Amino acid sequence: MAVRSGLWPAFLGIVLAAWLRGSGAQQSATVANPVPGSNPDLLPHFLVEPEDVYIVKNKPVLLVCKAMPATQIFFKCNGEWVRQVDHVIERSMDGSSGLPAMEVRINVSRQQVEKVFGLEEYWCQCVAWSSSGTTKSQKAYIRIAYLRKNFEQEPLAKEVSLEQGIVLPCRPPEGIPPAEVEWLRNEDLVDPSLDPNVYITREHSLVVRQARLADTANYTCVAKNIVARRRSASAAVIVYVNGGWSTWTEWSVCSASCGRGWQKRSRSCTNPAPLNGGAFCEGQNVQKTACATLCPVDGSWSPWSKWSACGLDCTHWRSRECSDPAPRNGGEECRGTDLDTRNCTSDLCVHTASGPEDVALYVGLIAVAVCLLLLLLVLILVYCRKKEGLDSDVADSSILTSGFQPVSIKPSKADNPHLLTIQPDLSTTTTTYQGSLCPRQDGPSPKFQLTNGHLLSPLGGGRHTLHHSSPTSEAEDFVSRLSTQNYFRSLPRGSSNMAYGTFNFLGGRLMIPNTGVSLLIPPDAIPRGKIYEVYLTLHKPEDVRLPLAGCQTLLSPIVSCGPPGVLLTRPVILAMDHCGEPSPESWSLHLKKQSCEGSWEDVLHLGEEAPSHLYYCQLEAGACYVFTEQLGRFALVGEALSVAAAKRLKLLLFAPVACTSLEYNIRVYCLHDTHDALKEVVQLEKQLGGQLIQEPRILHFKDSYHNLRLSIHDVPSSLWKSKLLVSYQEIPFYHIWNGTQQYLHCTFTLERVSPSTSDLACKVWVWQVEGDGQSFNINFNITKDTRFAELLALESEGGLPALVGPSAFKIPFLIRQKIITSLDPPCSRGADWRTLAQKLHLDSHLSFFASKPSPTAMILNLWEARHFPNGNLSQLAAAVAGLGQPDAGLFTVSEAEC
């Protein structure tokens, strides 16, 4: 039954007096205020008190109070009395005690709570009255429940080896009440109580103590509360198994049953076999060793001895021995008798001795035998000399001349005293020659003997063409042949990052377009008579396991040139970009090379090169040029010596060319300042349909252990809304510094207020904490502004990936030879190769040049590697002409010489 409205003013006075008397009581629990002289047992006590509740969406919540004995009950919320009309009151009488009981209910709406949201928490409390005094209930807090959409941290994909620990972090979205977290493995609930190998930390990270093959799955972090249920992006976890060798088999039987032979043993990469992308076993699967089996030697008779003198019995005898050779190793004994006896002088016994006639006969026979022996030796020598002439390693004359293309040289003008600036004919892209270049299967003596074990399958006989380009079909065939050998299993299976060609002593050049990677093969680097099929490959860092220790970081791309182990008579030059800021005080730079067994070794410490070393490096601001006489897989690694050591990062901003929804993404890439990394990002954005929206910037990232931060500012709120829930995004220091990922990126998602909004103006900041930073001022129209699109147009680097012969060089061949012949000999007036090196600013490498048979050739080779295809021959000609050589026609060639 409801309280009559006429009693409300009087009752309110009683309530206020009672409230003032109890104002000093605690607010968080039930409090009694008895009237003096009254019975304390008749004070109201609560049978039901209000409890904490959450408002879900827009549904109001119900608070209930029930007390006995009670004459009145009212709610008070956040210090204000709830209106009487908002109370629903029910009165009853307790049957056992006869005391009056009262139950009161009120509804609290979302609007009431939001009025005080942010100032303090919203709470309500019951106050019950009886004739003996008042009692206050505990406070009940009413909160608006929510759960945001975006996770503060989502799990990331991982590749881990077998039995390695796995930690998948997860920070759920902000919510009230706080979200509970559970994990799904391939959509099945992960229950740590059923799997002791798995547990969930207090921070909600999923930990797998030891990875098993069964743990390869997609993992999803699920956060839920009374409002909603959110799922993170799935993280693919791959548990890979590195291959292990089985035990060696027993040695096989010797291949030769008699004499020297071979025996082998083998093992397989099955203990365990590589799984899920695990590394293949390192080393050889077959071992060979020499073996020798003793051959049985049958005995043979020595020559008969001379006849003895006739005996008294009219006989004489002769003897022989089984000693030429004697039987051994189970050989058969000589057959026949060792003594021969005959009658002498027709049964007439005459005792005579050898006379002078017998001695003359013996001398004559010996003389004839000596003459025959000398004649045989002479015939053998003549035969060997003729065979050497027939089997010389010289191919048809066409191959020796086909590499040189005729160069049209005009007569010298008066204002042009030298002809070094004459351009070679670069229009020829294919060199064709006729003849047998490689061993024929049916011939006993091939013209070209290929090195065993290092070269690829020999070319067939007949007509051959050296291509200066690498068509897709040929590239796939070339890669498939490489992949059959253990060392080349990690080569990429595509041809976009690979160049190859067939070269002889004329030399040539391989280039991977738009990557800054090239290989210069100087003339005569390949021995005359040899033909090599050479390749050049650019690897992704994540595809090659390059071990880095301490403060080491990868500064260059990982490049392979080969085949490894071929014979080179002069160093080739491998050119590649790097992103380091070279400084002897800040960096210790090392050139690493991978052996055929797969291990990486430091083959060169830059700045401490020995002139006689197999490797040498010319380091420049953005590129390095490696002289090497051994082909293989190389990488430039830097070890920071101080926090001043810095890497150059290129910052690129991309956005969609066309925006069909309200959301608009700005992607910020942080990549190594190398051509190959830039090429990869540009190709990726072409696939995504992105466009460059600002000029690229360079940021110097230091070895200070501080992270890289990215943020967006000054977004016009009337047109756009940023969906970033935090003030900045962050890329960890080690993700950038280790260099195993060429580029990293963050995405800023903006939402248009209206589909007609097309103008965007904002700022993007990228900075290293306590370090260098860059600011991009974005102001463009997202539907039609393409002013930065041409900045990243990939330019051709000399056109074709492979050039053979003179077309691969800027300096004409005959002029090059004249320069070398003139400048190699020392000159007292200083007009030799040393002065040329000084003029070209290469005087820091004089000791290296001097250690080579032709220092001038090394200088010109380095000039070719640095300046192709856009080198200025006029500047080189001026440097050579300034040496003051007395012969004015030194650098000119005639039509007949060409």
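In this text, all values refer to a predicted model and were calculated from it rather than measured experimentally.
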Say you draw a straight line from CZ of Arg265 to OG1 of Thr249; how long is it, rounded to the nearest 0.5 Å? 7.5 Å

Between Val190 and Asp195, is the side chain to side chain contact (heavy atoms under 4.5 Å, CB included) condition met? List the steps. CA-CA 8 Å; Val190 177; Asp195 187 355; over 6 Å; no

pair Pro274-Asn242: side-chain heavy atoms closer than 4.5 Å: no

Pairing donors with acceptors under 3.5 angstrom, does anything connect the side chains of Ser234 and Thr220? yes

Rounded to the nearest 0.5 Å, the CG atom of Asp577 sits from the CD atom of Glu620 at a distance of 11.0 Å

Between Phe503 and Leu510, is any pair of side-chain heavy atoms under 4.5 Å apart? yes

Inter- and intrachain pairs under side-chain hydrogen bond (donor to acceptor under 3.5 Å, both in side chains), touching residues 152-164, at least two apart: Glu152-Arg171, Ser161-Gln164

Side chain proximity check, Leu652 to Leu678, heavy atoms < 4.5 angstrom: yes

Does the distance from Cys221 SG to Cys170 SG come in under 2.5 Å? yes

Only one of Leu567, Asn504, Leu568 passes side chain to side chain contact (heavy atoms under 4.5 Å, CB included) with Pro527, and that residue is Leu567

Do the side chains of Asp215 and Val160 get nearer than 4.5 Å, heavy atoms only? no

Over all heavy atoms of both residues, which pair between Trp183 and Pro169 is shortest? Give the atoms and the distance, please. CH2-O, 4.1 Å

Assign the ring pair Phe654 / Tyr669 to parallel, tilted or perpendicular, where the plane angle (0 to 90°) is split at 30° and 60°. perpendicular

For the side chain to side chain contact (heavy atoms under 4.5 Å, CB included) test, which of Val167, Leu168, Leu206, Val237 pairs with Pro155? Leu168

Please check if the number of heavy atoms outside Lys592 that lie under 6.0 Å from its NZ is greater than 12. yes

Are side-chain heavy atoms of Val239 and Val241 found at a separation under 4.5 Å? no

Of the non-hydrogen atoms in Asn497 and Ile512, which two are nearest, and what is the gap between them? O-CD1, 3.4 Å

Under 3.5 Å: donor-acceptor pair, side chain of Arg509, backbone of Ala808: yes

Given side chains that start at C-beta, do those of Leu688 and Arg667 come closer than 4.5 Å, heavy atoms only? yes

Trace of the side chain to side chain contact (heavy atoms under 4.5 Å, CB included) decision for Leu636 with Leu619: CA-CA 10 Å; Leu636 183 66; Leu619 186 68; 4.2 Å; yes

Rounded to the nearest 0.5 Å, what's the gap from CG on Leu546 to CD1 on Ile558? Could you check? 5.0 Å

Are a donor atom and an acceptor atom from the side chains of His539 and Thr537 found within less than 3.5 Å of each other? no

Residues Asp188 and Arg185 bridged, charged N to O under 4.0 Å: no

Minimal non-hydrogen separation, Val198 against Arg209, with atom names: N-NH1, 3.9 Å

Closest approach of His578 to Pro582 (non-hydrogen atoms, all atoms of both residues): CE1-CD, 4.1 Å

For the residue pair Phe733 and Tyr705, does the interplanar ring angle fall in the parallel (under 30°), tilted (30 to 60°) or perpendicular (over 60°) class? tilted

Starting from the C-alpha separation in whole Å, work towards a yes-or-no answer on side chain to side chain contact (heavy atoms under 4.5 Å, CB included) for Cys579 and Leu555. CA-CA 5 Å; Cys579 62; Leu555 297 178; 4.2 Å; yes

Working to the nearest 0.5 Å, report the span between CG of Asp673 and NZ of Lys647. 11.5 Å

Interatomic distance, Leu651 atom CG to Leu710 atom CG [nearest 0.5 angstrom]: 8.0 Å

Heavy-atom donor-acceptor pair, Thr569 side chain to Ala525 backbone, under 3.5 Å: yes

Between Trp737 (side chain only) and Pro732 (backbone N and O only), is there a donor and an acceptor less than 3.5 Å apart? no

Looking only at non-hydrogen atoms, find the nearest pair between Leu519 and Leu536 and report the distance. N-CD2, 3.8 Å

When every non-hydrogen atom of His605 is compared with those of Ser588, the smallest separation belongs to NE2-OG, 3.1 Å

Does Gln768 reach the main-chain N or O of Lys702 with its side chain, forming a donor-acceptor pair under 3.5 Å? yes

Calculate, to the nearest 0.5 Å, the distance between atoms CD1 and CG belonging to Ile238 and Asn218 respectively. 9.0 Å

Can you check side chain to side chain contact (heavy atoms under 4.5 Å, CB included) on Arg545 and Trp600, steps first, answer last? CA-CA 10 Å; Arg545 297 181 184 273; Trp600 286 87; over 6 Å; no

Report yes or no: does Gln263 contribute a side-chain atom to a donor-acceptor pair with the main-chain N or O of Ser252 at less than 3.5 Å? yes

Residue of the set Gln630, His590, Lys593 for which side chain to side chain contact (heavy atoms under 4.5 Å, CB included) holds with Val603: Lys593

Please tell me if the side chains of Asn285 and Cys269 come closer than 4.5 Å, counting only heavy atoms from C-beta onward. no

So Asp703 and Val643, do their side chains get closer than 4.5 Å, heavy atoms only? no

